[in-house]
Amino acid sequence: MKAFRSAVIGCGNISRRHTEALTGSALAELVAVCDIREDRAAAAGEKYGVSYYTDYRDVLAREDIDCIHICTPHWLHAPIAIAAFAAGKHVFTEKPMATTPEDAEAMIRAAEAAGKYLGVCFQNRYKFINAKLRELVLSGIYGKPIGGKGIVTWFRDVPYYADSGWRGSFETEGGGVLINQSIHTLDLLIWTLGDPTGIRANCGIFSELLEGKIEVEDTATAHLRFDSGATALFFASNAWKSNSPIEFEIQCENALLIATDDALTIHHADKRVERIMDTTPKTDDKSYWGNCHSFIIEDFYASIAEGRPFAVDGHEGIRALRVIDGIYKASGFGPRA
Ligand SMILES: NC(=O)c1ccc[n+]([C@@H]2O[C@H](COP(=O)([O-])OP(=O)(O)OC[C@H]3O[C@@H](n4cnc5c(N)ncnc54)[C@H](O)[C@@H]3O)[C@@H](O)[C@H]2O)c1
């Protein structure tokens with residue numbers, strides 16, 4: 001028997017990344033799945049040969065389950081996590097950890113009160129190219145970082161929102177392109193440069209097709225200022241024509257580092273160009289999501305097993321939420337506008 005017994009709550013699109021990571025894990029095994037849609041719960045239960053449930057409280061009542069993975073719509077992350085901590089479980093939640101910083105703080109308090117681990121799925125921190133870029137920047141070999149850039153231009157149409165039952169509304173999604181699609185890239189920027197202390201921003205529904213169909217932003221742009229003097233430019237939109245590769249760049253005093261899907265390109269001040277390739281095998285066609293779920297999930301369980309802090313805990317997960325809240329406030333658009 002493996003060290004941890006786990007359940008996945010929510011059997012939609014992303015759940016497969018969790019069930020497959022658990023199937024391949026040396027430390028944790030999948031023992032239950034749950035979805036309010038019985039067809040989805042049953043299909044996942046049959047596929048993996050595990051029990052299935054339609055009410056997550058029945059999963060939490062099982063004493064033999066150590067950890068739950070939350071793969072539900074955003075507004076349910078906080079209440080399910082808090083109930084899971086009360087039931088004595090560890091929690092690994094999909095991003096965003098909650099729809100508001102206040103809910104995220106309540107999750108952190110509940111985890112600490114229960115003495116359980118809370119992990120947040122920012123799997124792109126485990127992508128080789130992103131981690132290498134950060135390691136090189138923080139090493140200082142290129143001088144101080146003076147700027148950052150994050151660009152996410154993807155395509156999401158009306159059915160993507162309308163058919164989901166939860167996307168497109170502030171109450172259930174918490175926001176739009178910022179809190180859902182581009183939160184990973186925002187997280188990479190602040191993971192590398194620190195938390196911004198000044199934010200100027202503009203958000204809105206820029207696509208004519210989405211106007212009147214969603215209440216959340218399809219496009220956001222922000223200029224972030226850091227105490228170090230560095231600044232970052234951020235642009236995210238779901239109103240592009242395709243899912244373009246993400247751009248993540250850091251300008252240091254003596255080099256520009258550009259991370260793309262499979263390569264890190266370093267433009268040195270003396271005009272030399274160096275390229276470091278990512279040779280990690282790709283798992284499927286949705287490589288724009290990043291394919292590192294199995295890496296972060298295994299590290300989560302290894303952290304618990306070894307009694308060491310988990311690298312992407314609630315205190316790390318809340319950072320991007322606070323910046324998103326700041327972007328909404330600066331733009332005058334958002335759930336509290
Ligand atoms: N890490 C990533 O790169 C990544 C990529 C895609 C999605 N996500 C995140 O994963 C989460 C789910 O997204 P998705 O695209 O899979 O959504 P989805 O709508 O495809 O799946 C959500 C599932 O949760 C179920 N559900 C709703 N209420 C429930 C409840 N009370 N109990 C149990 N199940 C319930 C729904 O029936 C649905 O099957 C979101 O937080 C999303 O942001 C993360």
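Whatever order the structure lists ligands and atoms in, that order sets their numbers, starting from 1.
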S.K.: Compare G12, G165, P73 and give the one whose heavy atom is closest to atom 24 (O) of ligand 1.
M.R.: P73
S.K.: Using a 3.5 Å cut-off on N or O atoms only, is I14 in polar contact with ligand 1?
M.R.: yes
S.K.: Could you point out which residue of T192, D299, D187 forms a side-chain hydrogen bond (donor to acceptor under 3.5 Å, both in side chains) with R125?
M.R.: D187
S.K.: Contact between ligand 1 and H184 is defined here as a heavy atom of the residue under 4.0 Å from a ligand atom; is it met?
M.R.: yes
S.K.: Y328 ring centre to R336 NZ or CZ under 6.0 Å, with the angle to the axis within 45°?
M.R.: no
S.K.: Is it true that Y161 and D218 share a donor-acceptor pair across their side chains at a distance under 3.5 Å?
M.R.: no
S.K.: Closer than 4.0 Å to some heavy atom of H293 - which atoms of ligand 1 meet that?
M.R.: 1 (N), 2 (C)
S.K.: Looking only at the side chains, is there a donor atom on one of T72 and Y56 sitting less than 3.5 Å from an acceptor on the other?
M.R.: no
S.K.: Give the single entry among V8, T93, D39, T72 that approaches atom 11 (C) of ligand 1 most closely by any heavy atom.
M.R.: T72
S.K.: Hey, which atoms in ligand 1 end up nearer than 4.0 Å to a heavy atom of L76?
M.R.: 28 (N), 29 (C), 31 (N)
S.K.: Between R62 and S51, is any side-chain donor less than 3.5 angstrom from a side-chain acceptor?
M.R.: yes
S.K.: Students often mix this up, so state it plainly: with edges at 30° and 60°, are the rings of F4 and Y301 parallel, tilted or perpendicular?
M.R.: tilted
S.K.: List every atom of ligand 1 that sits less than 4.0 Å from any heavy atom of R167, numbering the atoms from 1 in the order shown and giving each element.
M.R.: 14 (P), 15 (O), 17 (O)
S.K.: Which atoms of ligand 1 sit under 4.0 Å from any heavy atom of I36?
M.R.: 26 (N), 27 (C), 28 (N), 29 (C), 30 (C), 31 (N), 32 (N), 33 (C), 34 (N), 35 (C), 37 (O)
S.K.: Check ligand 1 against I9 and write out every atom of the ligand that is under 4.0 Å from a heavy-atom position of the residue.
M.R.: 33 (C)
S.K.: Within the 4.0 Å heavy-atom shell around H74, which atoms of ligand 1 are there?
M.R.: 40 (C), 41 (O), 42 (C), 43 (O)
S.K.: Should you measure from each heavy atom of G10, which atoms of ligand 1 turn up under 4.0 Å away?
M.R.: 24 (O), 34 (N)
S.K.: How about R308 and S303: does a side-chain donor come under 3.5 Å of a side-chain acceptor?
M.R.: yes
S.K.: Does the side chain of E94 come under 3.5 Å of the side chain of H293 through a donor N or O and an acceptor N or O?
M.R.: yes
S.K.: Should Q123 be counted as touching ligand 1, given the test is an N or O pair under 3.5 Å?
M.R.: yes
S.K.: Quick one: does C71 get within less than 4.0 Å of ligand 1, heavy atoms only?
M.R.: yes
S.K.: For W166, state whether at least one heavy atom is located under 4.0 Å from any atom of ligand 1.
M.R.: yes
